[in-house]
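A short worksheet on the structure shown next.
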Amino acid sequence: MVDTEVLIVGAGPVGLTAAIELARRGVACRIIDAAAEPPRYAKAVGIQPRTLEVFEGMGVLRQVLDSSIELRGQIVYVNGVEVERVALTLPADIPYRFVGLPQYETERILRKRLDATGTRVERGVALTHFEQDESGVHAVLTDEKGERRVQAEYLIGCDGAHSIVRKGLGLGFEGAAFAEQYMLGDVELDWSMPRGYGIRSMHRTDGVTDDLLVCIPLPGANRYRVSMLVPEELATVPAIGGGAVEHGFEGGHPPERHHIQAVLDRLAPEPVTASSLRWSSVFRISHRIVDSYSRARVFVAGDAAHIHPPTGAQGMNTGIQDAHNLAWKLALTLAGIGAPDLLASYDAERKPVGAEVVGRTVRSAREGIGAGETDPDFVIRREAQLLIDYSAGPLVSNAPADTGGPLPGQRAPDAAGLTRDAVAFPIRLFSLLGRTDHTVLIYLDDTAGSESSALVAALTDAARRAAHGRVDVYLIVGGDAEPASALPVIYDRDGDFARNYRAKGLCAYVIRPDGYLGFTEHAPTPEDLTKHFASIFR
């Protein structure tokens with residue numbers, strides 16, 4: 001007997017994302033969390049543009065934008081002197097910017113979305129043990145009523161830096177801890193700093209930073225999440241031995257307002273008073289990554305797989321995208337139509353991303369974001385998580401000629417100024433994506449040959465057969481082409497699609513459910529599409 005198809009351990013942003021993405025694909029899942037109540041602290045506060053694209057597909061973008069504040073840039077001070085002012089300006093082809101939102105608000109929005117699917121978080125329920133075999137995962141859960149056994153097809157560990165799932169799998173988690181400890185607080189600051197700008201103020205002696213203040217804007221009047229080096233009186237002794245991971249909130253004596261005020265008095269760029277302390281804690285940082293994101297039927301995601309400094313707000317966003325990557329693959333596998341090696345692509349694609357983020361955030365914590373880089377556009381896109389690339393992964397089956405456009409494995413660009421019959425206003429490409437199935441875009445302009453209509457029909461038939469019908473197909477029409485087609489037709493009125501995709505003649509593109517290109521071809525054949533989908537579908 002299988003009690004549920006997927007058991008998810010941990011109801012933070014990562015676990016909630018996994019549950020939503022599975023539930024909206026019809027997968028029966030249970031999500032448990034050992035905490036009796038949701039946390040009320042502003043741990044992760046930055047949401048990246050790429051994650052906003054993910055949230056758009058999940059149906060929570062409006063709620064996130066309604067509740068958040070735009071993060072407009074950062075002002076850096078050294079020894080009381082402004083040394084840098086950076087605006088978080090993204091290129092025009094990116095639909096969303098950076099926003100700030102306390103993690104508990106992100107979780108509230110995601111929980112509400114999950115509730116709408118009919119799945120609810122089971123609180124006060126802990127995973128104490130699990131085993132797996134060919135029949136599934138056998139788990140022991142504990143709550144106030146005692147122990148009970150649950151059997152699932154698969155288990156996903158989204159249970160944080162001290163993950164029970166990771167430990168139960170016996171995964172390696174190599175890395176080290178930073179010597180410094182920090183204190184965090186959620187406060188209001190009565191200063192004149194520009195709205196939406198983060199403040200980083202350091203004191204340096206002989207080029208070495210020996211005092212630090214970082215203030216990240218939060219929604220609300222003059223509200224910030226502040227972080228700073230912990231005073232000696234609040235410092236805790238790190239755990240010793242036993243494989244303990246020194247990462248997260250520590251200590252039984254949270255900082256008080258006067259601890260935060262003392263740092264502000266030393267480092268704030270102008271006189272300021274902290275008030276309305278909502279929450280505070282001491283925090284220790286480590287950098288570690290697992291040796292594998294999965295073993296057989298059990299997976300880890302988020303902090304259970306990778307931990308690192310919060311520099312650049314990469315952690316929660318990376319974890320959400322772990323879950324987003326895994327969920328569609330797991331759903332196809334459970335439906336019996338996923339390719340035999342599809343689930344193995346989760347580790348193959350996401351572990352390199354996690355390793356890069358860990359290494360980069362460690363460097364950024366020590367040297368500053370973008371240190372040593374000369375291309376600001378590259379840095380901003382990288383920090384926005386727009387440059388994640390799966391081109392070396394197992395799901396890229398074709399290597400087209402480089403036309404200057406996006407390649408398989410890269411994020412699919414958006415395009416604006418599209419039109420379609422019966423719609424009065426222009427639409428965006430992303431608005432066409434169903435986000436649960438693959439999308440095939442066939443581009444056609446007036447330079448295509450006379451046989452184009454037959455080829456469009458053949459490409460469509462091949463895609464639908466190979467993907468078991470789990471595919472949406474659109475015809476994107478450029479130039480003065482006037483095709484007769486049974487497909488839904490989208491007109492590239494402003495040429496934005498052709499520019500962003502370097503499309504000309506007859507081209508085909510496959511966009512995965514997670515928004516990455518799986519296939520691009522400027523001279524596509526039905527056989528090409530069939531071969532590509534064979535790496536994903538049985």
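Taking a cutoff of 4.0 Å between a charged side-chain nitrogen and a carboxylate oxygen, Arg113 and Glu21 do not qualify as a salt bridge. Salt-bridge annotation for Arg297 and Glu153: present, with a side-chain N of the basic residue lying under 4.0 Å from a carboxylate O of the acidic one. With salt bridges taken as basic N to acidic carboxylate O contacts below 4.0 Å, one links Glu122 and Arg30. Between Arg435 and Asp514, none of the side-chain N atoms (NZ, or NE/NH1/NH2) sits under 4.0 Å from a carboxylate O, so this pair counts as no salt bridge. For Asp66 and Arg62, the salt-bridge test passes: some basic side-chain N is under 4.0 Å from an acidic carboxylate O. Electrostatic pairing of Arg411 and Glu53 counts as a salt bridge here, judged by a charged N lying under 4.0 Å from a carboxylate O.
Distance alone, capped at 3.5 Å, places no donor-acceptor pair between the Arg72 side chain and the Gly196 backbone. Checked by atom type and distance alone, the side chain of Glu188 never pairs as donor or acceptor with a backbone atom of Ser275 at under 3.5 Å. Side-chain N or O atoms of Glu105 include none that pairs as donor or acceptor with a backbone N or O of Pro219 at under 3.5 Å. Remark: the backbone N or O of Val150 is not paired with any side-chain donor or acceptor of Asp3 at under 3.5 angstrom. Checked by atom type and distance alone, the side chain of Ser280 pairs as donor or acceptor with a backbone atom of Pro255 at under 3.5 Å. In this structure a side-chain-to-backbone donor-acceptor pair under 3.5 Å is present from Thr361 to Val358. Formation of a donor-acceptor pair under 3.5 Å by the His324 side chain with backbone atoms of Gly319 is not found in this model.
Met183 CE to His259 NE2: the interatomic distance, rounded to the nearest 0.5 Å, is 7.0 Å. Note that CG of Leu184 is 10.5 Å distant from CD1 of Ile216, once rounded to the nearest 0.5 Å. Put simply, CD1 on Ile31 and SG on Cys158 are 7.0 Å apart, with the number rounded to the nearest 0.5 Å. Residue Phe430 holds its CZ atom at 8.0 Å from OH of Tyr96, rounded to the nearest 0.5 Å. In this structure, Thr439 OG1 and Leu441 CG are separated by 6.5 Å, a value rounded to the nearest 0.5 Å.
In terms of heavy-atom proximity, Leu127 sits nearest to Ile32 at N-CD1, 4.0 Å. Annotation for Ala304 and Gly157: closest pair CB-O, 3.6 Å, computed over non-hydrogen atoms. Residues Trp279 and Leu277 come closest through the heavy atom pair O-CD1, 3.4 Å. Here the closest non-hydrogen pair linking Gly312 and Glu383 is CA-OE1, 4.0 Å. For the pair Val396 and Pro408, the tightest heavy-atom approach, listed with the atom from each and the gap, is CG1-CB, 3.6 Å. In terms of heavy-atom proximity, Leu429 sits nearest to Asp414 at N-OD1, 3.3 Å.
Residues Ser345 and Lys329 bring a donor and an acceptor atom of their side chains to less than 3.5 Å of each other. A donor-acceptor contact closer than 3.5 angstrom links the side chains of Thr51 and Asn317. Using a 3.5 Å distance cut-off with no hydrogens or angles, the side chains of Glu147 and Thr128 do not pair a donor with an acceptor. Defined by atom type and a distance below 3.5 Å, a donor-acceptor pair is missing between the side-chain atoms of His162 and Asp303. A side-chain donor from one of His138 and Gln151 sits under 3.5 Å from a side-chain acceptor of the other. When only modelled atom types and interatomic distance are considered, Tyr390 and Arg350 share a side-chain donor-acceptor pair under 3.5 Å.
When each of Gln48, Gln314, Arg50 is checked for a side-chain hydrogen bond (donor to acceptor under 3.5 Å, both in side chains) with Gln385, only Gln314 meets the rule. Of the residues listed (Glu107, Arg223, Lys43, Arg108), the one engaging Pro102 in a side-chain contact (heavy atoms from CB on, under 4.5 Å) is Arg223, and it is the only one.
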Would Arg381 and Asp93 count as a salt bridge (Lys or Arg N to Asp or Glu O under 4.0 Å) here? Give the steps. CA-CA 11 Å; Arg381 287 178 184 266; Asp93 62 298; 2.9 Å; yes

Begin from the C-alpha positions of Asp159 and Arg166 and carry the test salt bridge (Lys or Arg N to Asp or Glu O under 4.0 Å) through to its verdict. CA-CA 9 Å; Asp159 48 342; Arg166 183 187 66 241; over 6 Å; no

Check against side-chain contact (heavy atoms from CB on, under 4.5 Å), Val362 and Phe178: CA-CA 9 Å; Val362 170; Phe178 279 67; 4.2 Å; yes

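Using cut-offs of 30° and 60° for the angle between ring planes, the His438 and Trp328 rings count as perpendicular. Between Phe519 and His532, the ring planes lie tilted relative to each other; the angle falls in the 30° to 60° range. Ring geometry for Tyr154 against Phe299 counts as tilted: the plane angle lies between 30° and 60°, on a 0 to 90° scale.
Atom CZ of Arg97 sits in a sparse spot, with 12 or fewer heavy atoms from other residues, nucleotides or ligands closer than 6.0 Å. By the neighbour-count criterion of 12 heavy atoms within 6.0 Å, atom CD of Glu233 is densely surrounded, having more than that number from other residues, nucleotides or ligands. Within 6.0 Å of CZ on Arg149 lie no more than 12 heavy atoms contributed by other residues, nucleotides or ligands. Counting heavy-atom neighbours within 6.0 Å of Arg120 CZ, excluding the residue itself, gives a total of 12 or less.
Proximity of the aromatic rings of Tyr346 and Tyr293 is defined here by a centroid distance below 6.0 angstrom, and this criterion is met.
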